[in-house]
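Heavy atoms only: backbone and side chains are in, while hydrogens, waters and symmetry mates are out. Lettering of chains follows the sequences in order, A, B, ..., and the numbering in each one begins at 1.
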Amino acid sequence: MKIVTWNVNSIRAREERLLAWLKKEKPDVLCLQELKVTNEKFPYDLITEAGYYSAVHGQPTYNGVAILSLTEPEDVVCGIQDDEDDPQARLIEATVNGARIINGYFPNGKEVGSDKYEYKLRWMQRLSDHMERTTSPDKDVVLVGDFNVAPDDSDVADPNQWAGSVLCYPDTRKAYEKFLSWGFTDVFRKHNPDGGVHTWWDYRRLAFQRNNGLRIDLVLATKSMAERCVAASVDRDERKGDKPSDHAPVIVEFS
DNA sequence: ATGGTTGCTTAGCAA
């Protein structure tokens with residue numbers, strides 16, 4: 001089973017690329033973030049024509065997540081199931097081929113010390129609590145998405161430049177590591193232990209041309225799934241050419 | 001400290 005996570009930065013702006021990529025790669029599951037579209041305006045017909053089901057959690061202008069899959073997604077749940085009244089569409093999960101797929105668009109956090117950063121840390125804690133409540137590490141669970149976290153400096157082309165950023169700050173990494181101690185493995189890391197592979201390059205400052213990237217799009221798996229993980233890669237070519245997303249797809253295969 | 005670019009929506013926000 002091939003599972004992919006891809007922050008498309010607006011699904012409507014990326015329609016052509018998305019359909020070409022689906023046709024070429026034929027993933028079993030494609031988790032998308034930053035749809036920037038409402039459920040009403042989601043291009044269901046195009047996805048159906050491409051042979052995929054769509055489970056969608058959208059909102060106007062910002063955020064938005066979806067799970068596309070070749071077989072029908074079951075038990076779809078949108079949003080973190082807790083008491084907080086959160087209008088931001090950042091989480092969707094579904095069971096596909098017996099595995100629980102959890103797809104998150106973690107908050108960026110803007111700047112350390114800002115209200116948005118407080119929200120980022122709170123959202124990550126809420127997701128940790130959600131995992132505790134709704135599933136367990138002895139099940140087949142995969143948590144994927146744009147984490148807006150570079151787990152360590154080997155995931156950052158220029159660690160000095162990014163040291164104080166919300167993607168690398170120690171509190172950010174501490175919040176991320178709670179998912180590992182809960183029972184998740186970073187399966188991309190397992191297959192690329194040396195680091196230096198990136199998934200996001202800022203549109204600004206010619207970051208891609210200068211190879212100034214970070215690995216912030218991640219695939220975490222519970223033990224039973226991690227044991228079946230046979231390959232992991234980044235489709236760096238998808239960041240090239242006309243009108244790319246600023247993120248590249250991360251592809252992980254399970255036997 | 002600021003700027004650089006992209007997308008949604010059309011002035012300003014978010015990333």
Side-chain angles (χ1 to χ4, degrees), chain A residues 5-21 31-44 46 56-66 79 86-92 103-124 127 144-151 155-169 171-173 175-176 198-218 234-250:
Chain A
T5 178
W6 189 12
N7 179 326
V8 286
N9 184 21
S10 166
I11 191 166
R12 286 176 294 178
R14 226 60 65 198
E15 263 175 18
E16 207 173 311
R17 273 185 180 262
L18 174 63
L19 292 172
W21 198 87
C31 295
L32 302 172
Q33 305 88 34
E34 276 208 270
L35 304 175
K36 296 188 172 180
V37 75
T38 57
N39 286 21
E40 291 70 30
K41 290 179 180 166
F42 185 89
Y44 284 103
L46 290 172
V56 181
H57 183 32
Q59 69 169 83
T61 314
Y62 301 120
N63 309 317
V65 284
D86 187 348
Q88 300 193 35
R90 294 183 175 277
L91 194 80
I92 186 166
N103 174 24
Y105 175 45
F106 289 46
N108 172 285
K110 191 179 170 77
E111 202 175 338
V112 173
S114 67
D115 290 349
K116 288 190 170 67
Y117 189 65
E118 291 307 309
Y119 172 72
K120 175 182 189 145
L121 294 181
R122 191 167 73 253
W123 193 91
M124 291 174 78
L127 182 57
V144 310
D146 177 356
F147 281 62
N148 271 308
V149 177
D155 300 308
V156 185
D158 184 354
N160 287 332
Q161 182 195 330
W162 292 93
S165 86
V166 291
L167 306 178
C168 299
Y169 201 66
D171 289 350
T172 304
R173 287 175 170 166
Y176 163 75
H198 308 130
T199 66
W200 171 77
W201 301 262
D202 202 321
Y203 284 128
R204 298 166 288 189
R205 299 183 243 183
L206 299 171
F208 185 68
Q209 291 86 332
R210 292 176 177 162
N211 210 20
N212 185 5
L214 295 86
R215 187 176 72 101
I216 58 176
D217 300 273
L218 310 176
V234 174
D235 186 359
R236 197 175 183 283
D237 288 343
E238 192 53 43
R239 182 63 173 79
K240 299 175 182 171
D242 199 36
K243 277 187 61 120
S245 168
D246 45 354
H247 297 251
V250 179

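A donor-acceptor pair shorter than 3.5 Å can be found between the side chains of A/Y117 and A/T172.
The side chain of A/R205 lies closest to B/dG4 when the candidates are B/dG4, B/dG7, B/dA15. Which of B/dC13, B/dC8, B/dA15 sits closest to the side chain of A/S10 comes down to B/dC8. Nearest nucleotide to the A/N63 side chain, out of B/dA15, B/dG3, B/dC8: B/dA15. Taking every side-chain heavy atom of A/Y203 into account, B/dT6 is the closest of B/dC13, B/dT6, B/dC8.
Applying the 6.0 Å contact sphere to CD of A/Q161 captures more than 12 heavy atoms from other residues, nucleotides or ligands. Annotation: A/E16, atom CD; neighbour count of heavy atoms from other residues, nucleotides and ligands within 6.0 Å does not exceed 12.
The distance between atom CH2 of A/W123 and atom P of B/dA15, rounded to the nearest whole Å, is 13 Å. B/dG4 atom C1' lies 8 Å from atom CG of A/D202, rounded to whole Å. As a whole-Å value, the separation of A/D242 CG from B/dG7 P is 10 Å. Taking atom CZ on A/R239 and atom P on B/dT5, their separation rounds to 13 Å, with Å as the unit. Atom-to-atom, CG of A/L18 to C1' of B/dG7 comes out at 16 Å; the value is rounded to the nearest Å. As a whole-Å value, the separation of A/E34 CD from B/dC8 C1' is 11 Å. Summarising the geometry, the separation between CZ on A/R12 and C1' on B/dT6 is reported as 15 Å, rounded to the nearest angstrom. Separating the CD atom of A/Q209 from the C1' atom of B/dT5 is a distance of 11 Å, rounded to the nearest angstrom.
Separation of the P atoms belonging to B/dT6 and B/dT2 is 23 Å when rounded to the nearest angstrom. Straight-line distance between the P atoms of B/dA1 and B/dG12: roughly 25 Å, to the nearest whole Å.
One finds no side-chain N or O of A/K41 lying less than 4.0 angstrom from the OP1 or OP2 phosphate oxygen of B/dC8. An OP1 or OP2 oxygen of B/dA14 is reached within less than 4.0 angstrom by a side-chain nitrogen or oxygen of A/K116. Side-chain nitrogen and oxygen atoms of A/R14 include at least one within less than 4.0 Å of the OP1 or OP2 phosphate oxygen of B/dG7.
If you check every strand for non-hydrogen atoms under 4.0 Å, A/F208 touches nothing. Within 4.0 Å of A/R90, counting heavy atoms only, lie sugar-phosphate atoms of the nucleic acid but no base atom.
Within the 3.5 Å criterion, the main-chain N or O of A/V166 finds a donor-acceptor partner in the side chain of A/K120.
Comparing A/Y62 and A/I11, the nucleotide of DNA chain B nearest to each residue sits closer to the 5' end for A/I11. Each of A/T61 and A/Q88 lies near DNA chain B, and the nucleotide nearest A/T61 is the one positioned closer to the 5' end.
With A/Q33 as reference, A/N103 is the one residue of A/N7, A/N103, A/N9, A/D146 to meet the side-chain hydrogen bond (donor to acceptor under 3.5 Å, both in side chains) rule. When each of A/E34, A/H57, A/R90 is paired with A/N63, the side-chain hydrogen bond (donor to acceptor under 3.5 Å, both in side chains) condition holds for A/R90 and for no other.
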